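Hydrogens, waters and symmetry mates play no part in the numbers below; they use all other heavy atoms, side chains included. The structure displayed is predicted, hence computed values, not measured ones.
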Amino acid sequence: MRRPALALPAFLALAACGDDTGTSTGASATDTSSSTTGPTPSTTVSSDSQSDTAIPPTTSGGSDGDSASTGTATSPTGGDTTTGGEVTCDQSPHYRVGAAIRDITGPSAELVMMGYSMPEQKAEGISTRLWARAFVVEHPCSGTRIAFVSADLGQVFQGVHLEVVKRLKEKLGADRYDFDNIALSATHTHSGLGGFSHYTMFNLAVGGYDPDNFEVIVAGIVDAIVAADAGLDHGVVKIAQGPLQDANWNRSPQAYAENPDPERGAHEAEMMRDTNTAMTVLRFERTGEGELDGQPIGMLTWFSSHATSVSNQNRLVSGDHKGLASYFMEKHFGADYTAPNPFVAAFAQSDAGNVSPSEVVVGEPKNTVVRPCDDSPDPDCDDLGNAVVHGTWQYERALELFDEASEHLRGPAAGRLAFVDMENVTVGPEFTGEDEHTTCHAAIGFSIAAGAEDGVAVAFIEEGIVYGDLPMVTLVPEDQACHEEKTILLPVGRMLPYPWSPTILPAQVLRLGGLAILPAPFEVTTISGRRLRNTVLAALAGTGVTRAVIAGLSNGYSSYVTTREEYSLQHYEGAFTQFGPWTLAAWQQEFSQVAEALRDGVQAPHKATPLDLSDDQIVNVPGVVADSPCALLDAILCLSEKFGDVVTPPPASAGPGDLVKVTFRGAHPRNNLRTGTGYLEVQRDDGGTWTVVARDWDPETRFRWRRTGGPLSPTSEVDVEWKLPDDVVAGTYRIVYNGDAKSLLGTFTPISGTSPTFTVQ
């Protein structure tokens, strides 16, 4: 995340992600394209070759999985109605698939947003709501299944991961889902909400832990998985991959250049850029039993790009470009979020540690961030408009690949996970490339104070501070040698009574036919991601797994992972690589071992137990004292002003492209998060019946809340804005506001307001 100039305590609050307002760094030397031009998709050719040999079937997850053979000599068989014969399980393309979406939008007012670590960046309403999108795939022939969730969050913190698995076991039984076969991934939007970690470092900027936000996130993810599981039915999964060029930039070119020339050359020859430009699209179809083609029900896409199109000046909750790409795709397929089974499209995060959606021109005296809406004469191309541009590029390319997808994934849907004490890993020479090395107690370095290339934090501190540049002092002498080039600023692993950041973290590998999915509890840089994928593919060689994708910010969060070479330069990402110079090598070793367990059909043994700090949260974000429509402390005392009163009415008429704004006397959004319904409705009169045409999850609306009368006042107002789309239907319209008010006695009362009607011509 990009960081502003803050005092030391503020930037130590680290939300952990390295860019800002739209961020990022220069392209490779051979790429002179500007981010102001649209991306240039390339075509891809899909085939349905099935010559690979797959791994033997294993249990669905860990020891609680479904019964299935783990032998290697033979594979079970099943009937294939498309051929009239028998196929081995490792060649069977027939799955049971399910998809679901649930609202996870937290308190959208007076809660600090998660990503830029700015205490002053408190939410003031909603641009688009946040969602958890779940996909469940079961392979009946092998008796295995996986669940993958992409959530519109800055990170999936470890407490969320632990609680989701716990609740799923309570709801569905201990033998259906466990740590092995569930993966929870964050899109990394920097316009989400904070306060839902159980670790101090990630709650510092927020001012504490927010139980309301934690609960809505956990409950939404659990409900999404349960609904997807309940909807399991016959289907297939098809895959397509292809590049999306001119849509992401390497924001840390100096550190990237430290990687070996042959490795960079091979990567750039494949990707045509110094970032990962590959887009991977899965197409989920509902079919008749034994059929190979059917009706699309969902799409899951991975593409590498920090969700920082929207800057640190934004105060409206937003899914950023990935959330908007999902919205555009879902609406393309006619999704209705109030319907039981809408089409579900997830744009998941991948290896985006040093990758931004916006180009950064590195130079002196400061870097220049090039964003699509810079100097745009279009008033709609504002800060939030950058996300529309980037989201549109991803949506359009994903739709092309979705339409092209014809290759079937075949074989088991299974996973393995192992918890690792990352402060105590001995890394073998086969992963270090030299002698045996160890990881270090978690610590962050001085260079994080500088921020990344796309956003200065403390103006007088530069990136690249290595040990020895400053006077030879360190906050933790006993750990300094282990961290080598890093000058320790904050020893997060040494803090008492608990570490400020998780140190016991999961390595997980999922298999869906010939695709390996690597849920990673960190932000991984481009070449680091390439090495990690290659490591897992090598461990799964001969099993039929020929592709691998990284699902970043999954199942926990421990900041960044860079290559050893990038770490030596101690730029922002290297300073935020917590476990020392051999962090990536350690993760390669641990992921390799988990992949081998998956390959061999055995358990991946846990090497440590993660801390459950759910009962150890001391500092909580304060709640609402009371709401009132007038200056008096309780609504019952207000005689002339009422909740829902229209303060500013709409215009008498409007047309396509116009902005309609209505102001109501309101109450604090925290009183009722209104998941699945929203705070506003745009309604059209259809012959005496009011039809809802837009809600607060639609990007043409904006919901703004503000406290009036001072910081301790119980009064507030709500602005409801509706930007009329070009294809708006003529007629009579009105705006409706819904909320809940809290009295001094702590009771909650539903409130609402309805605007005068206006004509759309």
- Would you find a donor on one side and an acceptor on the other, under 3.5 Å apart, between the side chain of Q508 and the backbone of A520? no
- Query: Quick check: does any side chain N or O of Q589 sit under 3.5 Å from a backbone N or O of T426, one acting as donor and the other as acceptor?
  - Reply: yes
- Identified salt bridge (charged side-chain N to carboxylate O under 4.0 Å, His left out) partner of E263 from the options R564, R530, R531: R531
- Check: T526/N276 side-chain N/O donor and acceptor closer than 3.5 Å: no
- Sequence-distant partners of A99, side-chain contact (heavy atoms from CB on, under 4.5 Å), two or more places apart: F135, V344
- ring-ring contact (aromatic ring centres under 6.0 Å, His included) involving H606 - partner list, sequence neighbours excluded: F419
- Query: Looking at side-chain heavy atoms only, is the closest gap between F328 and E396 below 4.5 Å?
  - Reply: no
- Main-chain N/O of T563 paired with E566 side-chain donor or acceptor, under 3.5 Å: yes
- Please answer whether the main-chain N or O of S92 pairs with a side-chain N or O of H139 as donor and acceptor at a distance below 3.5 Å. yes
- Item | Check: Q245 side chain, M271 main-chain N or O, donor-acceptor pair, under 3.5 Å | yes
- Query: Do the ring centers of F179 and H161 come within less than 6.0 Å of each other?
  - Reply: yes
- Item | Donor-acceptor pair, side chain of R286 and main chain of V97, under 3.5 angstrom | yes
